[in-house]
K.L.:
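Shown below is the structure under consideration.
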Protein chains: 2
Amino acid sequence: MLNQNSLSVAQDCSECPIRHRAVCARCETDELERLEDIKYYRRFEAGQTVIWSGDKMDFVGSVVSGIASLTQTMEDGRTQMVGLLLPSDFVGRPGRNTAAYDVVATTDVVMCCFRKAPFEELMEKTPHIAQRLLQMTLDELDAAREWMLVLGRKTAREKIASLLSIVARRDASLNMARLSGAVTFDLPLTREAMADYLGLTLETVSRQMSALRKDGVITLEGKRHITVPDMSVLLEEAGDDTDGGLLV
Amino acid sequence: MLNQNSLSVAQDCSECPIRHRAVCARCETDELERLEDIKYYRRFEAGQTVIWSGDKMDFVGSVVSGIASLTQTMEDGRTQMVGLLLPSDFVGRPGRNTAAYDVVATTDVVMCCFRKAPFEELMEKTPHIAQRLLQMTLDELDAAREWMLVLGRKTAREKIASLLSIVARRDASLNMARLSGAVTFDLPLTREAMADYLGLTLETVSRQMSALRKDGVITLEGKRHITVPDMSVLLEEAGDDTDGGLLV
DNA sequence: TAACCATCTTGATCTGTATCAATGCCGCTC
DNA sequence: GAGCGGCATTGATACAGATCAAGATGGTTA
């Protein structure tokens, strides 16, 4: 799995990714230290629903390891993934009492949580935290809007390439690797999860993955281990002009 | 046009919509009063680009009258609207120096603006403002994610119904009207703009509008003036289960 | 080693939406 | 009131991706 570094991120924040810091007791000012006593960890197994849309959501937190996803479902069962939570991503709705979407563990997941009420109280007293949360939310909004272009206007092949480049870039920057040249990573999603994220069927995903492989854009080892010989080719396939886009 | 109330909203904030208050000098605490001297108005003609993606964005503000849209464009010209700015909506990227998308005036638009640097400075000193901005941004994020379901999984007919119900509900609440029963409003978008928002072609939009008319879901007077005899039927067509969704 | 199950691949066919192409409508100008 | 230009409608056809349907693969259990 991607970044299976268990609890170390949360406990030693010298390597703590920026988004995680907002809710991690060891990273911040003295103010934040006080949150130590309301911090706790939660584990979820792959497939488990962390929280259902509409349910009371009394915590905020961030993903320590594993992958979770935000999904919306229609009455007839059609589902759309609206966000991917990779390690260090924040989840929570300060100022809101219920979840707006289902949060589902896509792999086994460990989350670092804080009870929401004390967190919000601290947020009000510490402008610093509110500011950071605003920045994070703006970033997510940008990412969501970028994804709207993918969903609304890109072809199936471009959609797949877009997803792969997001995961590759995200993985690469967590590993402090370079973005140019070859990149190797594990894609921790089933074909069905990919389809839900991209607004496609799993058969179309499978076909397009095969096509990208045949065309030499990617190499597959097993179902999930992917090598991109040349990231610029993948970005080209994704139809990204300037690149530089953010991601959930 | 929708809510053609010119400058009165900004100058007398007793009726000032909640989102506008965040940047309106007369609505807030003494702190905000100080911003008075950096407040100004800008007018844009229909079709005019307020700001290009990637350009320096040195103001924040909100729409006083008219409609603007946030759009993303691919190299080959495919475009996707990623947000609709209706009167009272906020635009700006605190903490960021460049625009992330094109902002285009869809009708004639008046915006109430503040220079960004002083606004940000004030935001840091006044947690209240940062909090409000965070809430607004979280709402927009919810709306964007709701729209991802529309783009990724809904049929053309459902997409049209979703757009109409958003504009109808938004218009109705601004006018303090009830949501049940019949609703009448002007849809201030060309068929092409609708298509850009929905990830469709303008021909498909036109066909589905005709179909909804034939089926009695809507009544058209001219091209733009729309009556919905029964909102619940429209919401049904949109595939919304619980409704209650927010909107940009 | 075999049987099993979840996941993935591939093929054949269908269908919703795009594409290409006329035609219609309406306000504006001269 | 004729002509023009921007928008909208409608029709005919093409095609990308969905749907339906077999298999294939690979890991796990017995």
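Each chain gets a letter, A, B and so on, in the order its sequence line appears, and its residues count up from 1.
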K.L.:
May I have the distance from Leu220(B) (atom CG) to dA8(D) (atom P), rounded to whole angstrom?
P.N.:
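Going from CG in Leu220(B) over to P in dA8(D) covers 11 Å.
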K.L.:
In whole Å, I'd like the distance from the CG atom of Leu151(A) to the P atom of dG17(D).
P.N.:
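Distance, rounded to whole Å: 13 Å.
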K.L.:
Between Ser162(A) and Ser165(A), do the side chains contain a donor N or O and an acceptor N or O under 3.5 Å apart?
P.N.:
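No - no donor-acceptor pair under 3.5 Å links their side chains.
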K.L.:
Atom NZ of Lys223(B) and atom C1' of dG5(D): how far apart are they, to the nearest Å?
P.N.:
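Interatomic distance, NZ of Lys223(B) to C1' of dG5(D): 14 Å.
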K.L.:
Give a yes or no on whether a salt bridge exists between Glu158(A) and Arg78(B), defined as a side-chain N under 4.0 angstrom from a carboxylate O.
P.N.:
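Yes, Glu158(A) and Arg78(B) are salt-bridged.
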K.L.:
Starting from P on dC15(D), measure out to CZ on Arg157(A) and report it in whole angstrom.
P.N.:
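The distance from CZ of Arg157(A) to P of dC15(D) comes to 18 Å, rounded to the nearest Å.
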K.L.:
Hey, where on DNA chain C does chain B first and last touch, going 5' to 3'? Cut-off is any atom under 4.0 Å from a heavy atom.
P.N.:
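Here the contact window of chain B covers dT17(C) to dC20(C).
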K.L.:
Keeping the roles fixed (side chain from Ser53(B), backbone from Ala100(B)), state whether a donor-acceptor pair exists under 3.5 Å.
P.N.:
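Checking the backbone N and O of Ala100(B) against the side chain of Ser53(B), a donor-acceptor pair under 3.5 Å is found.
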K.L.:
Using a 4.0 Å heavy-atom cut-off across all strands, classify Leu202(B) as base, sugar-phosphate, or nothing.
P.N.:
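Counting heavy atoms under 4.0 Å across all strands, the contact made by Leu202(B) includes a base.
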K.L.:
Heavy atoms only, 4.0 Å cut-off, all strands: where does Thr201(A) land among base, sugar-phosphate and nothing?
P.N.:
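Base: the residue Thr201(A), judged by heavy atoms under 4.0 Å, touches a nucleobase.
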K.L.:
Got a second to check how far Asp240(A)'s CG is from Leu149(A)'s CG, nearest 0.5 Å?
P.N.:
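Interatomic distance, Asp240(A) CG to Leu149(A) CG, rounded to 0.5 Å: 8.5 Å.
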K.L.:
Can you tell me if Thr204(A) uses its side chain to pair, donor with acceptor, with the backbone of Leu200(A) under 3.5 Å?
P.N.:
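Pair absent, no side-chain N/O of Thr204(A) close to backbone of Leu200(A).
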K.L.:
For the side chain of Trp147(A) and the backbone of Tyr197(A), is there at least one donor-acceptor N/O pair under 3.5 Å apart?
P.N.:
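A pair under 3.5 Å: yes.
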K.L.:
Output the rounded distance in Å from NZ (Lys154(A)) to P (dG17(D)).
P.N.:
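Rounded to the whole Å, the gap is 13 Å.
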K.L.:
If an axis is fit to five pairs at each end of the helix from dT1(C)-dA30(D) to dC30(C)-dG1(D), what is the angle between the two, to the nearest 10°?
P.N.:
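The end-segment axes of the helix from dT1(C)-dA30(D) to dC30(C)-dG1(D) are tilted 30° relative to each other.
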K.L.:
How would you label the contact of Ser206(A) with the nucleic acid (heavy atoms, under 4.0 Å): base, sugar-phosphate, or nothing?
P.N.:
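The residue Ser206(A) makes base contact.
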K.L.:
Once you round it to whole Å, what is the distance between C1' of dA16(D) and CG of Leu200(B)?
P.N.:
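About 15 Å, once rounded to whole Å.
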K.L.:
Could you check whether Gly199(B) gets within reach of a base, just the sugar-phosphate, or nothing at all, counting any heavy atom under 4.0 Å?
P.N.:
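Gly199(B): backbone/sugar contact only, no base atoms under 4.0 Å.
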K.L.:
Taking atom types as modelled, find out whether Thr73(B) and Thr79(B) have a side-chain donor-acceptor pair closer than 3.5 angstrom.
P.N.:
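The criterion, which ignores hydrogens and geometry beyond distance, is not satisfied for Thr79(B) and Thr73(B).
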K.L.:
Can you say whether a donor on the side chain of Arg191(B) sits under 3.5 Å from an acceptor on the base of dG6(D), or the other way round?
P.N.:
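Answer is no: no donor-acceptor pair is held.
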K.L.:
Check for a donor-acceptor pair, side chain of Glu221(B) on one end and backbone N or O of Ile226(B) on the other, with a separation under 3.5 Å.
P.N.:
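No; judged by distance alone, with no hydrogens or angles, the pair does not exist.
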K.L.:
Once rounded to the nearest 0.5 Å, what's the spacing between atom CG of Asp142(B) and atom CZ of Arg93(A)?
P.N.:
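Atom-to-atom, Asp142(B):CG and Arg93(A):CZ are 4.0 Å apart.
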K.L.:
Calculate the interatomic distance between Met209(A) atom CE and dG17(D) atom C1'; express it in whole Å.
P.N.:
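Whole-Å distance recorded here is 17 Å.
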K.L.:
Between P on dA8(D) and CD on Glu203(B), what's the gap in Å once rounded to a whole number?
P.N.:
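That distance rounds to 12 Å.
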